[in-house]
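Working notes, structure below.
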Amino acid sequence: MPTTRDTAAPLDPPPEYQALQEEQPIHWVTFPNGTEGWLVTRFDEGSAVFADPRMSARRPRHDNPPGEEPETAGDGEGGLPPLFVMMDEPDHGAYRKLLTGKFTPKAVQNRLQPYIDRIVDEHLDAVAAADGPVDLVQALCLPIPCLVICELLGVPYEDRDGFHGATEQMMDMSNPREQRDAGAKWLLDYIGKLVEQKRQEPDSPGLLAELIRIADEGNTILTNDDLTGIGALLLFAGHDTTAAMMGLSIMQLLTHPQQWQQLRDEPAKIGPAVEELLRYLTIVQFGLGRVAKEDLEIGGAQIKQGDLVVVAMPAANRDPRAFDDPDMADFDRKLTRHLAFGYGVHQCLGQNVARAELKTVLPRLIERFPDLKLAVDPSEVPMDTHGTNYGVRSLPVTW
């Protein structure tokens with residue numbers, strides 16, 4: 001499986017994907033941990049995999065370091081217990097039904113947008129007050145998603161160093177499994193204690209307390225383990241992914257001044273621009289896997305029951321059959337959909353929260369710092385090549 005990006009074009013997927021798309025879009029490969037399976041690099045075939053009920057979300061991990069045995073859904077994601085995102089129907093749907101209403105665009109607008117507006121302005125004030133170059137990862141991209149997910153869940157923000165450190169430990173695929181599992185255990189223990197604490201405080205704010213109250217009414221499927229697993233999943237996924245996407249988006253705009261200027265001149269274009277950035281930058285660098293529940297055929301490939309099938313989402317979102325000039329970020333593109341959040345019944349639950357953060361941060365950053373620029377050469381921006389999500393480790397800027 002190609003995993004190395006061209007250092008001269010760090011925001012593009014590994015160049016080998018283009019050849020795979022042309023020659024064999026569903027290709028039998030060896031994944032980094034030695035597991036074998038199918039790699040899907042085209043958009044239509046990737047969509048078909050995500051939408052096919054014969055594909056199970058209970059899959060082994062395919063992105064572990066070389067030499068490690070694959071984890072299975074029974075082991076859980078990165079050492080976590082089985083999570084609803086790795087369940088099939090009807091179990092997955094039962095959990096999803098409990099949560100979906102909390103993440104609609106209207107729910108995000110009413111519940112979170114005023115808070116996002118306030119904290120973004122406060123952090124931009126702090127950047128403006130700084131003397132000298134500022135690392136936007138530390139000043140903006142990490143704290144904003146952390147604060148938002150803490151507000152949504154009712155998690156104390158002062159604990160951020162602990163859960164962010166545990167998330168980094170867990171999501172860095174260059175770490176041995178024991179170290180990643182230790183990060184997951186820290187996170188589970190933390191959320192488990194928080195669940196118990198919130199049970200003693202029935203009027204606590206936040207989604208976690210709401211779910212506890214629903215569970216205590218005795219009319220749902222939620223157990224203590226479920227509450228802990230859901231809380232841990234939303235906490236680590238809710239801040240790590242958006243932080244990565246925010247950092248890459250700012251880097252893209254700073255290295256393409258005409259796009260920065262376009263959003264400065266036409267701030268109303270931020271909605272289409274964010275969708276295009278999600279497509280163009282797709283942060284899930286190792287793709288998402290499924291396992292065939294029966295023999296089937298997709299895109300001419302004869303897939304056997306039990307085969308692992310991984311959709312390379314960065315490649316699928318650059319498929320020239322689905323997008324004109326796919327390697328160009330075009331904010332005027334008439335984009336109908338992309339695979340940045342997956343597709344089908346397992347499409348990312350928190351996508352509207354991520355959109356709200358990006359659509360707030362980017363235009364306000366441009367408005368507040370119209371002359372912002374990188375403080376180093378783009379080639380010197382350190383990229384996160386070992387995480388489950390692709391991103392920048394730091395983004396020093398000046399103005």
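Side chains are part of it too, since the values below use all heavy atoms of this structure and drop only hydrogens, waters and symmetry mates. Throughout, numbering of the chain's residues begins at 1 and tracks the sequence.
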Inspect the contact between [Y] and [X] and indicate whether a charged nitrogen and a carboxylate oxygen are less than 4.0 angstrom apart.
X	Y	answer
Arg364	Glu367	no
Asp332	Lys269	yes
Arg111	Glu151	no
Arg42	Asp44	no
Asp189	Lys193	no

Donor-acceptor contact present, side-chain Thr41 to main-chain Pro25, <3.5 Å
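Such a contact is found between Thr41 side chain and Pro25 backbone.
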Can you list every pair that meets side-chain hydrogen bond (donor to acceptor under 3.5 Å, both in side chains) and has a residue in residues 390-399, with sequence neighbours left out?
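As it turns out, the side-chain hydrogen bond (donor to acceptor under 3.5 Å, both in side chains) pairs with a partner in residues 390-399, which skip direct neighbours, are Asp384-Arg393.
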Identify the residue among Thr242, Asn352, Val274 that makes a side chain to side chain contact (heavy atoms under 4.5 Å, CB included) with Glu357.
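It is Thr242, the one option of Thr242, Asn352, Val274 that forms the side chain to side chain contact (heavy atoms under 4.5 Å, CB included) with Glu357.
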Per the side chain to side chain contact (heavy atoms under 4.5 Å, CB included) rule, which among Leu365, Leu374, Ile366 passes with Ile250?
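For Ile250, the side chain to side chain contact (heavy atoms under 4.5 Å, CB included) test succeeds with only one of Leu365, Leu374, Ile366, which is Leu365.
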Parallel, tilted or perpendicular: ring planes of Trp186 versus Tyr190, cut at 30 and 60 degrees:
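Parallel.
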Fit a plane to each ring of Phe163 and His239, take the angle between them on a 0 to 90° scale, and name the class: parallel (under 30°), tilted (30 to 60°) or perpendicular (over 60°).
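Rings of Phe163 and His239: perpendicular, over 60°.
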Assess the pair Phe43 and Phe323: is the distance between their ring centroids shorter than 6.0 Å?
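Centroid separation for Phe43 and Phe323: below 6.0 Å.
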Given side-chain hydrogen bond (donor to acceptor under 3.5 Å, both in side chains), test His256 with Gln259 step by step and report yes or no.
CA-CA 6 Å; His256 294 78; Gln259 293 174 356; 4.5 Å; no
So, for [X] and [Y], which heavy atoms are closest and what is the spacing to 0.1 Å?
X	Y	value
Arg58	Asp88	N-OD1, 4.2 Å
Pro314	Gln285	CG-CA, 4.3 Å
Gln252	Ala329	NE2-CB, 3.8 Å
Gly238	Pro145	O-CB, 4.2 Å
Ile191	Leu227	CG2-O, 4.3 Å
Tyr280	Asp327	CE1-O, 3.4 Å

Would Ser47 and Arg337 count as having a side-chain donor-acceptor pair, cut-off 3.5 Å?
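A donor-acceptor contact under 3.5 Å links the two side chains.
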Is it the case that Asp172 and Gln179 place a side-chain donor and acceptor less than 3.5 Å from each other?
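Looking only at side-chain atoms, Gln179 and Asp172 do not form any donor-acceptor pair under 3.5 Å.
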Asp225 and Thr223: side-chain hydrogen bond (donor to acceptor under 3.5 Å, both in side chains), yes or no, with the steps?
CA-CA 5 Å; Asp225 284 347; Thr223 66; 5.3 Å; no
List the residues meeting side-chain contact (heavy atoms from CB on, under 4.5 Å) with Asp265, not counting sequence neighbours, and say none if there are none.
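Checked Asp265 against side-chain contact (heavy atoms from CB on, under 4.5 Å); matches are Gln261.
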Would you say CG of Asp377 has more than 12 non-hydrogen atoms from neighbouring residues, nucleotides or ligands within 6.0 angstrom?
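Counting neighbours around CG of Asp377, more than 12 heavy atoms of other residues, nucleotides or ligands fall under 6.0 Å, so yes.
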Kindly determine whether Lys102 and Glu210 satisfy salt bridge (Lys or Arg N to Asp or Glu O under 4.0 Å), including the steps that lead there.
CA-CA 10 Å; Lys102 316 293 184 186; Glu210 280 183 46; 3.0 Å; yes
Given salt bridge (Lys or Arg N to Asp or Glu O under 4.0 Å), test Glu276 with Arg279 step by step and report yes or no.
CA-CA 5 Å; Glu276 174 68 349; Arg279 178 199 73 81; 2.9 Å; yes
Step by step, work out the side-chain hydrogen bond (donor to acceptor under 3.5 Å, both in side chains) result for Arg118 and Tyr115.
CA-CA 5 Å; Arg118 176 168 64 80; Tyr115 180 74; 5.2 Å; no
For Arg321 and Glu22, what are the C-alpha separation, side-chain angles and deciding distance, and is it a salt bridge (Lys or Arg N to Asp or Glu O under 4.0 Å)?
CA-CA 10 Å; Arg321 292 153 198 81; Glu22 298 303 321; 2.9 Å; yes
If you apply the rule side-chain hydrogen bond (donor to acceptor under 3.5 Å, both in side chains), what do you find for Asn317 with Thr282, and how did you get there?
CA-CA 7 Å; Asn317 274 339; Thr282 310; 2.8 Å; yes
Sequence-distant partners of Arg213, salt bridge (charged side-chain N to carboxylate O under 4.0 Å, His left out), two or more places apart:
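None.
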